[in-house]
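If you scroll down you'll find the structure; I have some questions about it.
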Amino acid sequence: MERVNLLDFDLDGLTAYCAELGEKRFRAVQLFRWIHQKGEARFDRMSDLARSLRDKLEQLAEVRPLSILSEHASADGTIKWLYDVGQGNAVEAVFIPEDDRGTLCVSSQAGCAVGCRFCSTGHQGFSRNLSTGEIVAQLWQTEHHLRQRLALPVGQRAITNVVMMGMGEPLQNYGALLPALRTMLDDHGYGLSRRRVTVSTSGVVPMIERLRDDCPVALAVSLHAPTDTLREQLVPLNRKYPLAELLQACSAYLDKAPRDFITFEYCMLEGVNDQPEHAAALVALVSGRGGAVRVPCKFNLIPFSGDRPRSK
Ligand code: SF4
């Protein structure tokens with residue numbers, strides 16, 4: 001029988017699992033804190049858990065890390081890990097240190113079905129959704145690995161920000177994403193503020209609406225074009241959810257968002273979308289001219305290097 005991966009649960013999920021084992025919620029809180037705050041995977045070291053619970057967990061459960069295929073550290077401190085997620089699939093997580101923060105870019109799917117024209121992941125096609133445990137494991141093992149590697153004082157976090165901008169379209173894996181986000185935000189987990197957790201989407205409008213109601217974190221949208229005609233060529237999802245609907249969803253999202261702006265990612269493709277007329281059309285688009293909805297926003301202009309940009 002396959003063991004239950006405890007990284008698959010947010011605190012409510014772990015509480016329900018512990019209830020199945022005859023344990024009360026406070027035991028789930030203790031267990032959750034051991035796993036996420038202390039990085040402990042061995043039940044025999046969870047010293048304040050009842051022996052009977054530790055014995056049950058030894059039989060039935062595990063905290064399952066991802067296997068690392070490779071690690072690449074750059075001179076600027078950026079570290080990229082490639083993880084094996086089985087059946088020939090690999091996903092990556094990237095740690096980006098800055099003076100006042102440490103950001104982890106996390107993957108949500110092996111491959112991606114959206115097929116953005118400039119994205120190497122899109123060209124690979126879609127393999128499968130990651131589980132909640134596989135999404136959370138990227139944070140869990142990186143955070144606790146970096147605390148040791150950087151010799152951080154007890155209680156100091158290595159990762160202060162998470163961006164769901166790695167491989168995959170997170171809003172097309174919503175069922176797994178939501179408990180992962182809740183674990184990141186939970187004070188008994190990583191305690192990250194909503195402003196410091198960003199979901200980046202290519203524009204899955206109905207799920208933007210659900211995220212606003214379920215777990216409104218910061219939102220980044222891969223825009224890449226100021227018109228439907230051009231965006232349909234670059235981000236095929238635009239055929240299903242055109243710009244007017246997308247901007248409407250962004251505007252509505254701001255009602256509950258932790259920030260008062262949406263970040264629009266814009267990959268600069270030479271001669272395609274980077275001309276002065278594109279800039280003027282973008283400003284018109286988000287400022288509500290011509291009857292469209294106005295969206296307070298910031299643009300993140302991403303130089304295109306010939307490979308997949310780090311943001312969508
Ligand atoms: S840019 Fe993002 S949404 Fe588009 S194909 Fe690549 S991973 Fe998928």
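Ligands are counted one by one from 1 in listed order, and the atoms in each one are counted from 1 as well.
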List, by chain and number, the other hydrophobic cluster members for L69, where Ile, Leu, Val, Met, Phe, Trp and Tyr join if side-chain heavy atoms come within less than 4.5 Å, directly or indirectly.
L82
Do I68 and L139 land in one hydrophobic cluster if side-chain heavy atoms of ILVMFWY residues count as linked below 4.5 Å?
yes
Going by the angle between their ring planes, with limits at 30° and 60°, are F299 and Y266 parallel, tilted or perpendicular?
perpendicular
Determine which pairs satisfy salt bridge (Lys or Arg N to Asp or Glu O under 4.0 Å) with at least one residue from residues 125-139, sequence neighbours left out, and list them in order.
R128-E134
Counting backbone and side chain alike, does C112 bring an N/O/S atom below 2.8 Å of atom 6 (Fe) of ligand 1?
no
Against ligand 1, does G168 come closer than 4.0 Å with any heavy atom?
yes
If the plane angle is over 60° it's perpendicular, under 30° parallel, otherwise tilted; pick one for F118 and F304.
perpendicular
Here the atoms of ligand 1 under 4.0 Å from any heavy atom belonging to G115 are 5 (S)
Is it the side chain (CB and beyond), the backbone, both or neither of C119 that lies under 4.0 Å from ligand 1, heavy atoms counted?
side chain
Which of the atoms of ligand 1 are close to G122, meaning less than 4.0 Å from one of its heavy atoms?
5 (S)
